[in-house]
Each structure stands twice: as C-alpha cells, then as structure tokens.
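In this text the structure is predicted, and so the values were computed from the model without any measurement. Computed from heavy atoms alone, side chains included, the values below leave out hydrogens, waters and symmetry copies.
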Amino acid sequence: MPSFAVAFPPILASRCRDAATSREHQRPSVPHLPGRTEALGAKRGVRIQRVFHLRRCRSCTFAFVADPWTDYAAVYDDSYYVGQGADPMVNYGFEYDHPTETIRRYDWIGIEEFVTALHPAPGSWLDYGCGNGALVRSVAAGGRWSIVGFDTGSWSSKARDDGLPILTEPELAARRGPFDVITAIEVIEHIADPVGFLTRLRSLARPGTLLFLTTLNAQVAPRDFPSWSYVRPEIHVSFFTPKALARALEKSGFSPRYVGFAPGWSNMIRFKVMKNVGIRRIARWQALVPWPAIGRLVDARYQVTGLPVGLAI
C-alpha cells in the first residue's frame, strides 16, 4: 500500500476491509507531543453503536478520536455518499447530477475566488480528495486553471468515465512537475494521520505552492467537546484550532499564513449556512439576501476564516 494511502480514508474504502488490524492505520505522526494529552470525553457513533473516546493535546490544542473506526470500507460505503451514512448532509448524487441547481455551486465559486485572489491564474491546480470531481468540473469550466483531481472512490471512477480529469494513483505518481495550488476541501478532519497527509501534499508542491484546506475551526467548540455537532466520531477524527493546524503545517513543510475574510468566503459561507438549514437548491430569492454581511456575522461567531492556509517552503 502506498505510504500516503493511510492519510485519506475515503479513497481506500474499496480496498481496506481489513484495515482495523493493520499497523499502518494507527496515528504515526500527529501534531501533538506524546504523553501531553487530556481526555475530552466520549461519544457514541451513529452507524455503529460504539463509544469513541476523544483527547486533546494540552500544548498545541489538537483534538482527535483516540480509537477511530478503521474499517473504511464500512465507514465510506455507497450509502455514505448519498446521505444515508454517518453524515446525513452528504449528497454526492444530487450535486453531481444537478451542478447548476445545487447550492454547492456557491461553494465551488467561492473556492475558486479565494484561490485566485491568493494565487492569480493561470496555473496548475490539484484538488486532492476530490470525491465526485464536482469542484474540478466547475473550475475547469471557467477555463482559467489547469485543474485535475485525485481520489480513488467509486464516485471518482464515475467522474473519470464521464471525462473529468481525475487522476488514478499511477497517474498522480507519474505526474511531471509540482502543482501551483493544492486544495483539500473538507478532507483533513477524516484523517487519522494529518501530518502524514500534509507531508504527502508537500511532496506534490514546489516552494510557493498554495495549500488551501477547509475544515471547521475547533476553537469555537463548546466546553463539552463531544456535544459539538461537528464531532461525528465514525468519520471526523481530527479537529484543528488555528494553532494546531499551524503546527501540523510547519511539521509538514508549509509556512502557515493567516489571510482572514478574503474574497470567496462570502460564497463559501453562503453555502454552509443554507446547507445547515436544509436548503438544497438554488433559488432566485437567495440573490436578495445580503450574503457579505451575513458572512461577516457568521464568521464572527464561528471563526471559519481563522484557520491558516499553507505556503510550501
């Protein structure tokens, strides 16, 4: 198994049924210092009635599931990707089949706005853990970036069959030249070995490459950490404050940079707000909502823009 494979559980679902017994699926390199963690409590899973235990590093504030569920084939089965798994808000099918109707379109637009503001096009862009390739399709349609995706799940195979530029493992390994931009959208919270994952991404970068990853900011989690709605212990196993993510980036060959409410965040937050209130389709009335102002208010409460980006060094 390639050394980077452990970093991204979803792409392993079809070939890791015995992962729970594999030494590779432990936490070999995480941001915190061994022996410096404290218990945060426990939470029962949704898909399996098992209690998971949470811990946090006293020094860097990185929090994690200490005993993650490593049967990735069961965690990320077909039902997961249509909202019938551990996260009911996931719906790859609708997003893929209705790209102009899904509110996820706002997210894709916002991500491209954000990336282009920090690293103007043209350039080469890798979306690592691209899932169904919808972001790749959206950015490619704009024509400003040379973008490819990477994933090995069943949805990426469908996207590849439909003509999207989704690389296979051998194609990624054979890719000549590093990327100018790497994105990993809502990926790192699934990773049991975040430093190993980020180190893999650094191997695909050159000095100055922009790394933009998204995940929720654990700095706003409640004191009773397991009660935080983002704690879905079967799938979300790593939780980052700005300090913790900066530590992980530094250990992986990236320089953390804080850019705040840059262009693009208004659209990304628009998507997050509507998703969380149960809206699925784009509608005309949404254009009447003052999203920039709402985005600022949401950011003040949830600090979604507080996590750093990385620049490869």
Side-chain angles (χ1 to χ4, degrees), residues 1 4-32 34-58 60-93 129 131 151-155 184 186-197 215-241 244 248 275-276:
M1 181 179 295
F4 66 88
V6 62
F8 187 29
I11 68 176
L12 298 176
S14 63
R15 51 193 169 87
C16 285
R17 293 191 182 278
D18 60 347
T21 61
S22 171
R23 183 172 54 84
E24 291 183 303
H25 291 268
Q26 304 307 309
R27 289 185 174 272
S29 55
V30 290
H32 66 83
R36 296 287 301 276
T37 67
E38 60 186 358
L40 284 180
K43 190 167 187 176
R44 186 174 296 277
V46 175
R47 289 290 301 280
I48 60 171
Q49 291 300 302
R50 179 189 132 190
V51 174
F52 295 84
H53 299 86
L54 295 139
R55 299 192 68 84
R56 177 169 55 204
C57 174
R58 295 186 182 95
C60 75
T61 68
F62 172 67
F64 57 96
V65 175
D67 48 353
W69 186 20
T70 53
D71 184 356
Y72 298 127
V75 179
Y76 300 102
D77 59 8
D78 290 343
S79 62
Y80 170 80
Y81 293 104
V82 293
Q84 297 173 8
D87 186 350
M89 293 186 180
V90 172
N91 196 330
Y92 273 24
D151 206 309
T152 62
S154 59
W155 271 99
E186 304 299 314
V187 172
I188 200 167
E189 65 271 14
H190 298 265
I191 307 304
D193 175 14
V195 172
F197 170 71
T215 188
L216 286 194
N217 187 346
Q219 193 160 283
V220 303
R223 182 181 296 273
D224 177 16
F225 194 86
S227 70
W228 189 25
S229 61
Y230 201 57
V231 177
R232 301 178 183 272
E234 291 128 316
I235 56 171
H236 294 171
V237 299
S238 293
F239 307 93
F240 291 87
T241 63
K275 180 183 76 169
N276 279 278

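Here CG of Leu216 is found 12.5 Å from CZ of Phe240. Values are rounded to the nearest 0.5 Å. Here Lys43 contributes atom NZ and His236 contributes atom NE2; the two are 10.5 Å apart, rounded to the nearest 0.5 Å. The OH atom of Tyr81 sits 13.5 Å away from the CG atom of Asn91 when rounded to the nearest 0.5 Å. Rounding to the nearest 0.5 Å places CG of Asp87 at 9.5 Å from CD of Glu186.
The distance between the ring centers of Phe64 and Phe239 does not fall below 6.0 angstrom.
Tyr80 is linked by a ring-ring contact (aromatic ring centres under 6.0 Å, His included) to Tyr76, counting only residues two or more places apart in sequence or in another chain. Judged as a salt bridge (charged side-chain N to carboxylate O under 4.0 Å, His left out), and not counting sequence neighbours, the contacts of Arg50 are Asp67. Scanning for side chain to side chain contact (heavy atoms under 4.5 Å, CB included) contacts around Val46 gives Glu234, with sequence neighbours left out. With sequence neighbours left out, the salt bridge (charged side-chain N to carboxylate O under 4.0 Å, His left out) criterion links Arg55 to no other residue. Residues satisfying the side-chain hydrogen bond (donor to acceptor under 3.5 Å, both in side chains) criterion with Ser79, sequence neighbours excluded, are Asp77. For Glu38, the side chain to side chain contact (heavy atoms under 4.5 Å, CB included) criterion is met by Arg56, Arg58, not counting sequence neighbours. With sequence neighbours excluded, the residues that form a side-chain hydrogen bond (donor to acceptor under 3.5 Å, both in side chains) with Thr215 are Glu189, Tyr230.
The nearest pair of heavy atoms linking Ser238 to Ile191 is OG-O, 2.6 Å. The minimum heavy-atom distance linking Ser154 with Asp78 is given by the pair OG-OD1, 3.8 Å. Nearest heavy-atom pair across Ala192 and Val237 is N-CG2, 3.8 Å. Among all heavy-atom pairs drawn from Gly153 and Asp151, the shortest one is N-OD1, 3.1 Å.
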Let me have the donor-acceptor pairs involving side chains of residues 217-226, under 3.5 Å, with sequence neighbours excluded, atom names and distances please.
from: Asn217; atom 1: OD1; to: Gln219; atom 2: N; distance (Å): 2.9
from: Asn217; atom 1: ND2; to: Gln303; atom 2: O; distance (Å): 3.0
from: Gln219; atom 1: NE2; to: Gln303; atom 2: OE1; distance (Å): 3.1

